[in-house]
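Starting from 1, each residue takes its place in the sequence as its number.
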Amino acid sequence: MNNSDQDAPEPRSTGSRLAHIPTGAKVFLILSAALLPLALIAFFASLQTNRASDIEARAQLRTAAQQGARALTIELVGNMTALRDAANALERDPANSPACARARGVFAQQFSTGTSFAITDRNGRLLCGEPIDAAPVTTDAGQVGFRMRDNGLVLGIAARKGEAVATAFFPTEFLALVGRPSGFKAAYASNLTAGEQTLPLTALPNRSTLQRRDTHIAPIGINDLALAMTISSPPITSPLLIAMLLPLLMWAAAAGIGWFVVDRLLIRPLRRLRANVGTYQPGEILRPIEYGAVPAQEIRELGDTFEQITRTVQLHEADLAQGLVRQTKLTREVHHRVKNNLQVIASLINFHARGAPSPDAVAAYASIQRRVDALAVVHRYHFAEMEDNRGLELRSVIGELASNIRATAPEPASRLGIALDIEPLQASQDVAVAVAFLLTELIELAMNVEPQTQIRLTMRAAQPEGTATLRISSPSLVGGPVLEELLATRYGRVITGLARQLRSPLHHDPLVGAYEISIAVVRP
């Protein structure tokens, strides 16, 4: 054997050449060669049979749908135009009887079908028409809005300034009668559609097994409201039945051939790759995979990519672990320093309070200290539960907050009583801070009204899921001149801002002396 024979490259085997052909090309070539004859037979067998009848039926359907939509457009838009004019007139003069009479005249012939209308002002007071068992349709001034009901269609239009709203109800039977195309003999089904909403007007008999149906949609001209008409296509004939069976044969052949090809090229190699990836553990490197004779080249390259990724992950995982340790230490140090700073601030306030020249200054220092204590309590519990990434336990936070307030209460409020009835619920730090400040403001408000007052704090889980009702009640919070003055001069804007931070309205019942608000919570 000479050197030239030794240096000549070995010829590739058939399996090796197929392995480098893209998978899409393999599937396309095999399925095209197998299914092209069947596809041509099915095409030419059904083309001539269905063309004439389908074109004629669809043309008649299109004409009928457009005629019905045009009739509905004329009727509905005309009625709503008359209601708009009446609403504009009644907006200027609610006692304008001629405008109301003109609107009644437009609807006079439709009342017997169940059609009705109502024109109301912005407070819901009826200006013209009859009360309609439907909420007004929200829409811009001069624009027609709609809402579908089970038994009909509700249209609404606002007056020019929005001070009056006209609402009209059109029952299904009336809409079906108006939308019936004249001279159309075939049985049909009609529906009013708007996006995903549908209002059935007329229905076709139940469809048989081999029956087809065609649908045409024609816009009505009110927003995206449209009339959809459906008719039954010509019956299934023998040539058409044969043409329908041929695609089934094509499907069977395609399923068998496609399964064989895809199973050999894709499924089996993917199963091996999935089993290998499924056993992967962080820090390991994927082992090489034996894919078989002719796997898809893309899958082989994907397996190589996975192997390279695992090598890269192994190199970077140690760095990530070290970075996480450093970040945890830094976060702990920051929280520890914040907690210490809050304690220093509280001590300084207490020190200055002991040297204050007047009782008013002492009370001011105590008020500031109570708010610093509220923030410190929330921060301390957040720091304690930071490792588990849980919410703050509100019962513990509120309990310690109440104890601190009683401890820092002034001498006149030495007999202040705070009763707690709190369910075990958790909340985020932002919610807990706002709740702590809100409770501090409301308890101090009650103390300023009556120093010896008794206060009850309750919190219960509520609906919807993930919310709770926080209630603060006290005889000092009953409406009166002292409470109103304190709210107007000092506390009102603060508690309103805190309620806005909680994204929920704060309700005050001045008769029983209670504040109530809904907060976002999670169950432990």
Side-chain angles (χ1 to χ4, degrees), residues 123-124 363 366-367 370-371 373-374 377-378 392-427 431-523:
N123 296 321
S367 178
R370 280 191 287 272
R371 286 152 182 80
D373 288 342
V377 168
V378 174
L392 277 74
E393 178 62 52
L394 289 179
R395 182 161 62 181
S396 301
V397 172
I398 295 175
E400 185 170 343
L401 178 65
S403 299
N404 289 345
I405 292 176
R406 282 195 296 264
T408 59
E411 181 64 26
S414 59
R415 298 180 61 185
L416 172 69
I418 303 177
L420 303 180
D421 185 7
I422 309 296
E423 290 188 356
L425 298 171
Q426 296 174 347
V431 172
V433 169
V435 168
F437 282 146
L438 180 63
L439 291 178
T440 302
E441 295 293 334
L442 291 175
I443 294 174
E444 186 174 292
L445 172 62
M447 283 194 305
N448 286 335
V449 175
E450 173 55 49
Q452 303 294 336
T453 188
Q454 300 297 310
I455 302 172
R456 181 175 180 81
L457 305 180
T458 61
M459 185 175 68
R460 297 277 191 275
Q463 294 296 329
E465 187 72 20
T467 62
T469 300
L470 179 64
R471 181 181 175 87
I472 306 97
S473 58
S474 172
S476 300
L477 299 178
V478 174
V482 177
L483 179 66
E484 297 299 330
E485 181 181 358
L486 290 174
L487 287 174
T489 58
R490 180 175 177 183
Y491 293 95
R493 294 181 62 185
V494 176
I495 63 177
T496 300
L498 292 171
R500 188 179 299 112
Q501 184 176 347
L502 291 170
R503 299 181 181 180
S504 181
L506 179 64
H507 301 287
H508 178 216
D509 188 346
L511 298 179
V512 299
Y515 279 90
E516 189 173 280
I517 190 171
S518 178
I519 62 174
V521 297
V522 292
R523 285 192 174 274

Residue pairs fulfilling salt bridge (charged side-chain N to carboxylate O under 4.0 Å, His left out) with at least one residue in residues 494-504, sequence neighbours excluded: none

Looking only at non-hydrogen atoms, find the nearest pair between Met459 and Ala468 and report the distance. CG-CB, 4.1 Å

Minimum side-chain heavy-atom gap Leu498-Leu502 below 4.5 Å: no

Sequence neighbours excluded - side chain to side chain donor-acceptor pair (under 3.5 Å) pairs with any residue from residues 466-482: Thr453-Ser474, Thr453-Ser476, Arg471-Glu516

Walk me through it: do Val521 and Val431 pass the test side-chain contact (heavy atoms from CB on, under 4.5 Å)? CA-CA 8 Å; Val521 297; Val431 172; 5.7 Å; no

Using every non-hydrogen atom in the two residues, find where Ile517 and Pro505 come nearest and quote the distance to one decimal. CG1-O, 3.6 Å

Between CD1 of Ile398 and CD of Glu393, what distance do you get to the nearest 0.5 Å? 9.5 Å

What's the spacing between Leu425 CG and Leu470 CG if we round to 0.5 Å? 10.5 Å

At their closest point, which heavy atom of Ala436 faces which heavy atom of Leu401, and how far apart are they? O-CD2, 3.6 Å

Under the side-chain contact (heavy atoms from CB on, under 4.5 Å) test, which residues partner Ser403, sequence neighbours left out? Arg406

ring-ring contact (aromatic ring centres under 6.0 Å, His included) pairs, two or more places apart, involving residues 481-510: His508-Tyr515

For the student: nearest non-hydrogen atoms of Leu394 and Ala432, plus distance: CD2-CB, 4.2 Å

With Arg460, which residues qualify under salt bridge (charged side-chain N to carboxylate O under 4.0 Å, His left out), at least two apart? Asp421

Distance (rounded to the nearest 0.5 Å) between Gln454 CD and Leu416 CG: 7.0 Å

Looking only at atom types and distance, does a side-chain atom of Glu423 sit under 3.5 Å from a main-chain N or O of Ala461, one as donor and one as acceptor? yes

Extract all donor-acceptor atom pairs below 3.5 Å that involve side chains of residues 477-487 and protein atoms in other chains or at least two apart in sequence.
none

Atom CD1 in Ile455, atom CE in Met447: separation rounded to 0.5 Å? 7.0 Å

CG-CD1 distance between Leu438 and Ile443, expressed to the nearest 0.5 angstrom: 9.5 Å

Carefully, step by step, assess Leu439 and Ile405 under the rule side-chain contact (heavy atoms from CB on, under 4.5 Å). CA-CA 10 Å; Leu439 291 178; Ile405 292 176; 5.9 Å; no

